[in-house]
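See below for the structure under consideration.
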Amino acid sequence: MKTISIIDAKNHVDEEVKIGVWLTNKRSSGKIAFLQLRDGSAFFQGVVVKSNVSEETFEMAKELHQESSLYVVGEIHEDKRSPFGYEIEVKSLELVGESQDYPITPKEHGTEFLMDHRHLWLRSTKPYAVMQIRNEIIRATYEFFNKEGFIKIDAPILTGSAPEGTTELFHTKYFDKDAYLSQSGQLYEEAGAMAFGKVFSFGPTFRAEKSKTRRHLIEFWMIEPEMAFMHQEQSLEVQEQYIAFLVQSVLDNCDYALDILERDKEVLKSYTKTPFPKISYDEAVELLQNSGEFPDTKWGDDFGSPEETYLAEHFSMPVFVLNYPKAIKPFYMKPHPTREDVVICADLLAPEGYGEIIGGSERETDLDNLTAQIKKAGLNEKDYEWYLDLRRYGSVPHSGFGLGLERATTWITGEEHIREAIPFPRLLNRIYP
RNA sequence: UGCUCAGUAGUUCAGCGGUAGAACGCUUGACUGUUAAUCAAGAUGUCGUAGGUUCGAUCCCUACCUGAGCAGCCA
């Protein structure tokens, strides 16, 4: 007799198998019991018919509590009445671990309660589906960048100075020196690109901002590709191909999870068509002014989330907004060749109100300009000597971008809030569990 | 950090100036195809914390704590 996973049940129809499972719910009548089972691979039902099993087995089935762990032995049957398509007709049960008073009942719960029990909530169907899709995005990310000739160069998490100097950093000690948790690996990826051509990092990022929105986490995961000998136009092509690849991979490999979440697959499919629409910042401002909804928009403003939502909804597609004002962007971005007031950059705004999922730019290559920008930003030039070396020794045009894993996951899964898109979210007031 | 809203049973909520309610969950029983099963019976409370008003406060007032939504910052 084989031990299998629920997800493989379809390959064992009418066979007797053994499965290690947890009980999610139970319904029983006098002579039949329905056990709702999960094993991490999927969810399905075990049917215990009194006349087919020993008295002890039927009694045990009736006494099981929610989230008890057990081995079930039985025969797999195809059954149209099961939402999963298959179920197991139980022959015998073996209790592994008892469970008493499981807090998450099959009824409604509030956000705070569920988040306090996140370690248990992960067992429920929705977190299961979201984490499957998150995993597929991670897997597809490695596949995409490896097939495109990138290598993964890890940026340090502990840094000695503020990479951008703007956002709030988590302070810690590095023996007797001050240190900060990384809020971007980008500058290190630029060093990587000068050594290996095409590189990417994929690691945790920390922002000590007092952000409290559905789009922000204190700790999140970021994918930061950086490419040498590459101008912004080519970088945008990489970005749209990457996003389309992610969405297609989820469509190809996460059908079951998408069904659980009731995500519209036709809508997702539309996001795999490249190229994505592109508008300049100037055009975006005009569009907002003429929309009637944002009459106060002025050139030079950064867009808030209502503005981002409007822009992406206008195209019903992920849309690139190009070349923002220099004043609202970081020091390392390359100035526009014919315009003083904008830099060569692009944000990718996701549709359906999910906002910015990618921020990217072509980087300043000129040593003198970059030095001047660092000073102007009020940063300590000494901290950036290594970064300036990249311009001293064979500086080349290069571009890169950063994608927020959880923002992308929230968008692709269609979840309301980014906290659902990471196993243990770190939020403004939450560091437990 | 600002604005808005909310804290009552394990959970989700209702309630009222006179000392506590429902549903689900839990316990016991019935039921051979249930899908958040159904039916019957039973147990369950520092009404967020501290002051104040009042004969009396879970209810009104003040402060604080906690959480949620929205905004800013950004991925």
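No experiment lies behind these values; they were computed from the predicted model shown. By convention in this document, chain letters (A, B, ...) are assigned in the order of the sequence lines, proteins followed by strands, and residues within each chain are numbered from 1.
- A/Asp101 meets the side-chain contact (heavy atoms from CB on, under 4.5 Å) test with no other residue; sequence neighbours excluded.
- Taking the six-membered ring for Trp, A/Tyr188 and A/Tyr387 have ring centres at least 6.0 Å apart.
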Original post:
Once each nucleotide of nucleotides 22-28 of chain B is scored for protein heavy atoms under 4.0 Å, what B/S/- sequence comes out, 5' to 3'?
Top reply: --SS-S-
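- Legend: residues meeting side-chain contact (heavy atoms from CB on, under 4.5 Å) with A/Asp255, ordered by chain and number and at least two apart, are A/Asp259, A/Lys265.
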Polar atom pairs (N or O), protein with nucleotides 39-47 of chain B, under 3.5 Å:
none

What donor-acceptor contacts under 3.5 angstrom involve side-chain atoms of residues 411-424 of chain A, with partners at least two apart or in another chain?
from     : atom 1 : to       : atom 2 : distance (Å)
A/Thr413 : OG1    : A/Thr409 : O      : 2.7
A/Thr413 : OG1    : A/Thr410 : O      : 3.2
A/Thr413 : OG1    : A/Glu415 : N      : 3.4
A/Glu415 : OE1    : A/Lys126 : NZ     : 3.4
A/His417 : ND1    : A/Arg419 : N      : 3.1
A/His417 : NE2    : A/Arg419 : NH1    : 3.4

Hey, what are the protein-to-nucleotides 29-31 of chain B N/O distances that come in under 3.5 Å?
from  : atom 1 : to      : atom 2 : distance (Å)
B/C31 : N3     : A/Ser28 : O      : 3.4
B/C31 : N4     : A/Ser28 : O      : 3.4

For nucleotides 12-14 of chain B, print each protein N/O atom paired with a nucleotide N/O atom at under 3.5 Å, atom names and distance only.
from  : atom 1 : to       : atom 2 : distance (Å)
B/U12 : OP1    : A/Gly110 : N      : 2.7

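- B/U49 and B/G42: their P atoms are spaced 31 Å apart (whole Å).
- Note that A/Lys152 lies outside the cation-pi zone of A/Phe196, set by a 6.0 Å cut-off to the ring centre and a 45° limit from the axis.
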Subject >> Per-nucleotide protein contact string for nucleotides 2-9 of chain B, where B marks a base within reach and S marks sugar-phosphate only (heavy atoms under 4.0 Å, - for neither) >> reply: --------
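- A distance of 10.5 Å separates CD of A/Glu87 from CG of A/Leu37, quoted to the nearest 0.5 Å.
- Within residues 116-126 of chain A, no residue places a heavy atom under 4.0 Å from RNA chain B.
- Of the C1' atoms belonging to B/A68 and B/U12, the separation is 15 Å, rounded to the nearest Å.
- Using a 4.0 Å cut-off between charged nitrogen and carboxylate oxygen, A/Glu406 and A/Arg134 count as a salt-bridge pair.
- Between A/Ser305 and B/A71, a side-chain N or O to OP1/OP2 separation shorter than 4.0 Å is present.
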Original post:
Where does RNA chain B pair, written as one dot-bracket string 5' to 3', with Watson-Crick or G-U pairs under 3.5 Å, ( ) inside the strand, [ ] for crossing pairs and | for another strand?
Top reply: (((((((..((((....[..)))).(((((.......))))).....(((((..]....))))))))))))....
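- The pair A/Glu240-A/Lys278 counts as a salt bridge, with a side-chain nitrogen and a carboxylate oxygen less than 4.0 angstrom apart.
- Rounded to the nearest Å, the gap between the C1' atom of B/A40 and that of B/C31 is 12 Å.
- Scored by the salt bridge (charged side-chain N to carboxylate O under 4.0 Å, His left out) test, A/Lys198 finds no partners at all (sequence neighbours excluded).
- With C1' as the reference atom, B/G67 and B/C60 are 24 Å apart, rounded to whole Å.
- Remark: A/His417, A/Ile418, A/Arg419, A/Asn429 in residues 412-433 of chain A come within less than 4.0 Å of RNA chain B through at least one heavy atom.
- Aromatic stacking of A/Phe220 on B/A75: satisfied, with centres closer than 5.5 Å and planes within an angle under 30 degrees.
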